[in-house]
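Below is one structure, written out as structure tokens, with a few remarks after it.
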Amino acid sequence: MIDDQGSNGVQRVLAANLRRMRIARHLSMSELARATGMSKATLSGIEHDRANPTVDTLSRLAAALRATIGELLEETSLGEVRIVRSTQIAPEERDGVPRRLLDGLAPGASIELAELLLAARHTYEVGAKARGARLHLYVLAGKLIAGPVERYSELATGDYASFPADVPHVYEAARYPARALLVTQLPS
């Protein structure tokens with residue numbers, strides 16, 4: 001719902017929504033201008049909270065963006081956005097494997113997100129986690145061997161593997177260092 005700031009609040013919400021929707025639909029200002037029959041200057045004024053568009057203008061914008069006028073004017077509740085820069089997290093060892101924990105989830109959460117940092121020609125054997133635990137591994141760079149000790153696979157940059165973590169498993173970098181994104185899914 002729009003706050004009690006009157007028409008300025010409506011214009012602010014419209015400006016933010018118009019920009020967000022235009023970008024989400026991969027439209028340049030020029031493309032939106034052609035689709036609506038409006039000038040780029042008019043659209044820029046609306047996007048920068050410097051214009052008070054008519055109902056007809058709102059209708060043409062909504063049609064071009066495949067949205068409703070209500071969606072253009074509705075204040076959206078944006079969830080928390082959290083950014084963690086790589087320089088903010090020092091690598092640490094967990095289960096004997098170097099990694100940077102990336103998740104910041106609440107204590108007791110059932111998912112852990114980490115970046116594995118595997119040195120060249122190193123093997124890391126990890127013991128079984130809780131019954132029902134599962135690992136999801138996406139290789140960011142290099143080649144590595146990963147999986148349950150009895151059934152591991154060779155993976156390269158861009159490969160993804162998912163395997164049970166309630167059995168001993170292994171991570172082994174090949175000739176060069178490797179990096180992987182690891183999601184540990186623990187039973188609830």
Side-chain angles (χ1 to χ4, degrees), residues 1 3 12-13 15-28 65-68 70-72 74-188:
M1 209 62 195
D3 57 27
R12 178 188 51 77
V13 169
N17 286 342
L18 176 58
R19 180 168 173 73
R20 178 179 52 78
M21 288 179 182
R22 180 179 62 78
I23 291 169
R25 285 157 179 81
H26 307 287
L27 293 172
S28 69
L65 294 168
R66 297 178 317 279
T68 65
E71 289 171 321
L72 282 172
E74 185 176 61
E75 191 160 28
T76 57
S77 171
L78 301 175
E80 176 191 3
V81 174
R82 184 162 184 246
I83 298 172
V84 179
R85 303 288 179 201
S86 61
T87 56
Q88 294 175 296
I89 304 171
E92 63 180 58
E93 281 202 18
R94 188 174 279 185
D95 297 327
V97 182
R99 63 180 78 192
R100 289 190 299 190
L101 294 177
L102 304 172
D103 61 3
L105 298 174
S110 60
I111 293 179
E112 175 186 284
L113 177 64
E115 178 186 15
L116 293 184
L117 308 165
L118 306 175
R121 301 183 195 267
H122 276 77
T123 302
Y124 305 92
E125 288 193 30
V126 179
K129 298 199 176 293
R131 183 174 175 81
R134 188 155 189 87
L135 291 172
H136 304 273
L137 182 82
Y138 179 76
V139 182
L140 298 169
K143 290 183 179 177
L144 61 99
I145 290 172
V149 171
E150 302 296 324
R151 222 175 58 207
Y152 55 82
S153 300
E154 185 175 21
L155 305 166
T157 301
D159 289 349
Y160 164 80
S162 177
F163 52 88
D166 54 3
V167 295
H169 48 282
V170 65
Y171 307 108
E172 180 181 326
R175 187 174 180 183
Y176 300 101
R179 290 178 36 242
L181 188 62
L182 179 69
V183 176
T184 306
Q185 185 177 357
L186 301 169
S188 303

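Just so it is clear, the model here is predicted, and its values are computed rather than measured. Basis for what follows: all heavy atoms, side chains included, without hydrogens, waters or symmetry-related copies.
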Check whether any side-chain heavy atom of [X] lies under 4.5 Å from a side-chain heavy atom of [Y], and answer yes or no.
{"X": "Val13", "Y": "Glu74", "answer": "no"}
{"X": "Pro164", "Y": "Pro148", "answer": "yes"}
{"X": "Leu155", "Y": "Tyr138", "answer": "no"}
{"X": "Met21", "Y": "Ile23", "answer": "no"}

Separation between [atom1] of [X] and [atom2] of [Y], rounded to the nearest 0.5 Å:
{"X": "Phe163", "Y": "Leu135", "atom1": "CZ", "atom2": "CG", "value": "4.5 Å"}
{"X": "Leu27", "Y": "Leu18", "atom1": "CG", "atom2": "CG", "value": "10.0 Å"}
{"X": "Arg179", "Y": "Glu115", "atom1": "CZ", "atom2": "CD", "value": "4.5 Å"}
{"X": "Arg121", "Y": "Tyr176", "atom1": "CZ", "atom2": "OH", "value": "8.0 Å"}
{"X": "Arg134", "Y": "Thr184", "atom1": "CZ", "atom2": "OG1", "value": "12.0 Å"}
{"X": "Ile145", "Y": "Leu118", "atom1": "CD1", "atom2": "CG", "value": "11.0 Å"}

Anything under 30° is parallel, anything over 60° is perpendicular, the rest tilted; go ahead and classify His122 against Tyr124. parallel
Would you please name every residue forming a side-chain contact (heavy atoms from CB on, under 4.5 Å) with Ala16, sequence neighbours left out? none
For a quick test of reading the model, state the closest non-hydrogen atom pair linking Asn17 to Leu72 and the distance between them.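 The pair with the smallest heavy-atom distance is ND2-O, 3.0 Å.
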Pro177 and Ala120: which non-hydrogen atoms are nearest, and at how many Å? N-CB, 3.6 Å
Only counting residues at least two apart or in another chain, list the ones meeting side chain to side chain donor-acceptor pair (under 3.5 Å) with Tyr160. His136
Go through the steps for Leu181 and Leu113 under the test side-chain contact (heavy atoms from CB on, under 4.5 Å), then give the verdict. CA-CA 7 Å; Leu181 188 62; Leu113 177 64; 3.5 Å; yes
Run the side-chain contact (heavy atoms from CB on, under 4.5 Å) test on Glu112 and Val183 for me, step by step, so that the C-alpha distance in whole Å, both residues' side-chain angles and the decisive distance to 0.1 Å come before the verdict. CA-CA 6 Å; Glu112 175 186 284; Val183 176; over 6 Å; no
Kindly check if the number of other-residue, nucleotide or ligand heavy atoms within 6.0 Å of CD (Glu93) is above 12?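 Atom CD in Glu93 is packed in, count exceeds 12.
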Check Leu116, Val170, Leu137, Thr157 against Leu144 for a side-chain contact (heavy atoms from CB on, under 4.5 Å) and give me the one that passes. Leu137
Electrostatic pair Lys143:Glu154 at N-O distance under 4.0 angstrom: no
Salt bridge between Arg12 and Glu75, side-chain N to carboxylate O under 4.0 Å? yes
Between Asp166 and Arg131 (side chain of the first, backbone of the second, donor and acceptor by atom type, cut-off under 3.5 Å), is there such a pair?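 No; zero donor-acceptor contacts below 3.5 Å.
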